[in-house]
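Below is one structure; the comments refer to it alone.
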2 protein chains.
Amino acid sequence: MTRWLDDGEQRTWRAFLAASQRIQEELDRQLQRDSGMPHTYYAILVRLSEAEKRKMRMSELAGSVGSSPSRLSHAVARLEERGWVRRVPCESDRRVSWAVLTDEGLAVLVAAAPGHVEAVRRTLFDRLGPEQVGQLAEICMEILHDAVLQDPAS
Amino acid sequence: MTRWLDDGEQRTWRAFLAASQRIQEELDRQLQRDSGMPHTYYAILVRLSEAEKRKMRMSELAGSVGSSPSRLSHAVARLEERGWVRRVPCESDRRVSWAVLTDEGLAVLVAAAPGHVEAVRRTLFDRLGPEQVGQLAEICMEILHDAVLQDPAS
DNA sequence: GTACAATGCTTGAGAGTTCAACTTTCCACC
DNA sequence: GGTGGAAAGTTGAACTCTCAAGCATTGTAC
């Protein structure tokens with residue numbers, strides 16, 4: 001009954017796994033080594049830096065970086081300890097917390113960005129032609145499109 | 001000096017991150033829920049099941065699943081606790097350990113496989129056309145090709 | 001044959017993630 | 001205006017991963 005993967009699919013799948021794993025690890029290692037933070041923390045700082053007044057609600061931020069509420073809560077707690085992010089209670093809805101990027105956090109991000117972008121180029125874009133970049137974008141959009149991604153059983 | 005990403009690259013990069021993250025999480029969740037193990041453990045069982053006599057040296061296995069020696073050592077320790085893998089010392093080189101997939105481990109793998117393959121289809125292959133699958137394979141090969149992936153500074 | 005480096009693997013501590021509660025606040029309804 | 005449920009976040013425990021250090025064993029050079 002199971003629709004097993006044929007040889008081509010098998011190869012594609014394993015290549016995809018290996019490639020994405022490798023990129024993730026390389027970026028994590030680079031950021032950890034050069035800036036003392038994992039990639040997920042970097043993504044949080046980036047997203048905050050782009051937001052109006054450098055602040056976002058926790059849930060919005062979580063959705064934006066593709067993180068669970070719990071993960072984000074833990075992460076922001078660590079970022080707050082380092083003084084890179086501050087949590088401010090929302091006046092109009094007291095369930096809500098604002099996460100605010102501090103000046104110090106922005107400085108750390110600015111310092112980390114060039115090395116990170118270099119790593120992204122080295123691991124991904126420098127290896128692909130322009131057509132492939134377009135194809136990859138298209139493919140990833142399809143994967144994300146209407147991303148139910150749920151098991152029918154659940 | 002930094003070669004920043006242009007808008008198209010930026011979008012591609014974020015789509016790629018989101019897509020690969022999403023697939024990883026979906027697979028991990030499915031396997032954890034239905035078979036009580038993370039995806040990395042599943043990969044270890046798969047690789048062992050394909051090996052001659054269902055056994056491999058730890059270092060070989062680590063390379064094969066793209067894991068650090070340390071990670072594999074921890075993982076196999078857990079798998080051994082569950083009785084799915086056994087470690088056997090090598091006679092000819094006593095530094096070496098063989099990891100052996102047990103009958104019980106094979107049974108668990110066989111039980112887990114259909115649900116996993118379904119998840120892979122649902123999250124990836126069902127969303128792409130045949131051309132895109134080919135393109136994706138090609139792209140991932142390029143990413144892995146001659147994968148130095150090292151920072152010049154190191 | 002004895003020092004010394006390299007190899008194979010393991011270990012422990014620190015850090016991040018997950019999952020299932022749990023608290024607080026808001027909203028809708030009667 | 002109370003009540004029940006939904007929404008927003010947090011917390012703690014269990015688990016995995018990483019990194020650096022460590023222990024044997026093997027290979028190499030003198």
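Chain letters run A, B, ... following the sequence lines, proteins first, then strands; residues in each count from 1. The structure displayed is predicted, hence computed values, not measured ones.
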Validation: residues 62-72 of chain B side-chain donor-acceptor distances under 3.5 Å, sequence neighbours left out:
unit_1: Ser64(B); atom_1: OG; unit_2: Arg47(B); atom_2: NE; d: 2.5
unit_1: Ser67(B); atom_1: OG; unit_2: Arg71(B); atom_2: NE; d: 3.3
unit_1: Ser67(B); atom_1: OG; unit_2: Leu72(B); atom_2: N; d: 3.4
unit_1: Ser68(B); atom_1: OG; unit_2: Arg71(B); atom_2: N; d: 3.0
unit_1: Arg71(B); atom_1: NH2; unit_2: Glu25(A); atom_2: OE2; d: 3.4
unit_1: Arg71(B); atom_1: NH2; unit_2: Gly66(B); atom_2: O; d: 3.3

### Query
Do Asp34(A) and Gln30(A) have a side chain donor and acceptor closer than 3.5 Å?
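Their side chains do contain a donor-acceptor pair, which is all the 3.5 Å distance test asks for.
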
Rounded to whole Å, please give me the gap between [atom1] in [X] and [atom2] in [N].
X        : N       : atom1 : atom2 : value
Glu26(A) : dT18(D) : CD    : P     : 13 Å
Leu27(A) : dT18(D) : CG    : P     : 14 Å
Trp98(A) : dA8(D)  : CH2   : P     : 13 Å
Arg33(B) : dA20(C) : CZ    : C1'   : 16 Å
Gln24(A) : dC17(D) : CD    : P     : 14 Å

### Query
Where each residue is assigned the nucleotide of DNA chain D containing its nearest heavy atom, which of Met37(B) and Pro69(A) is assigned the position nearer the 5′ end?
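It is Pro69(A) whose nearest nucleotide is closer to the 5' end.
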
### Message
With a sphere of 6.0 Å drawn around CD of Glu81(B), does it hold more than 12 non-hydrogen atoms of other residues, nucleotides or ligands?
### Response
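Enclosed: over 12 neighbouring heavy atoms sit under 6.0 Å from CD of Glu81(B).
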
### Message
Below the 4.0 Å mark, does dT17(C) have OP1 or OP2 next to a side-chain nitrogen or oxygen of Thr40(A)?
### Response
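Yes, because at least one side-chain N or O of Thr40(A) sits under 4.0 Å from OP1 or OP2 of dT17(C).
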
### Query
Between dT16(D) and Tyr41(B), is there an OP1 or OP2 to side-chain N/O distance shorter than 4.0 Å?
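It does, given that an N or O in the side chain of Tyr41(B) lies less than 4.0 Å from OP1 or OP2 of dT16(D).
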
### Message
Return the CE to CH2 distance between Met56(A) and Trp98(A), rounded to the nearest 0.5 Å.
### Response
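Taking CE in Met56(A) and CH2 in Trp98(A), the distance rounds to 9.0 Å.
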
### Query
Atom CG of Leu136(A) and atom CD of Glu131(A): how far apart are they, to the nearest 0.5 Å?
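If I round to the nearest 0.5 Å, the distance is 13.5 Å.
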
### Message
Side chain of Pro38(A), heavy atoms from C-beta onward: which of dC19(D), dT18(C), dG16(C) has the nearest atom to it?
### Response
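Minimum distance to the Pro38(A) side chain belongs to dG16(C).
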
### Message
Taking the basic N atoms (NZ, or NE/NH1/NH2) and the acidic carboxylate oxygens, is any pair closer than 4.0 Å for Arg54(B) and Asp103(B)?
### Response
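Looking at Arg54(B) and Asp103(B), the cut-off is met.
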
### Message
In terms of relative ring orientation, are Tyr42(A) and His116(A) parallel, tilted or perpendicular, with 30° and 60° separating the classes?
### Response
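If you compare the ring of Tyr42(A) with that of His116(A), the planes turn out tilted.
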
### Message
Using only modelled atom types and a 3.5 angstrom limit, is any donor from either the side chain of Ser70(B) or the base of dT11(C) paired with an acceptor on the other?
### Response
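Looking at the base of dT11(C), it does pair with a donor or acceptor on the side chain of Ser70(B) (distance under 3.5 Å).
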
### Task
Identify, residue by residue, the members of residues 71-96 of chain A with a heavy atom below 4.0 Å from DNA chain D, and return them in order of residue number, or none.
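Close to the strand are Ser73(A), His74(A), Arg87(A), Arg95(A), Val96(A).
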
### Task
Check each residue of residues 46-67 of chain A for a non-hydrogen atom within less than 4.0 Å of any atom in DNA chain D, then write out the ones that pass by number, or none.
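Only Arg57(A), Met58(A), Ser59(A) qualify.
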
### Message
Looking at Gly83(B), is its backbone amide N or carbonyl O close enough to the side chain of Thr102(B) to form a donor-acceptor pair, meaning the two atoms are under 3.5 Å apart?
### Response
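Yes, Thr102(B) side chain to Gly83(B) backbone: donor-acceptor pair under 3.5 Å.
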
### Message
Hydrophobic clustering (ILVMFWY, side-chain heavy atoms < 4.5 Å, transitive) - are Ile23(B) and Met141(A) grouped together?
### Response
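No, because Met141(A) and Ile23(B) fall into different hydrophobic clusters, even though each may have its own neighbours under 4.5 Å.
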
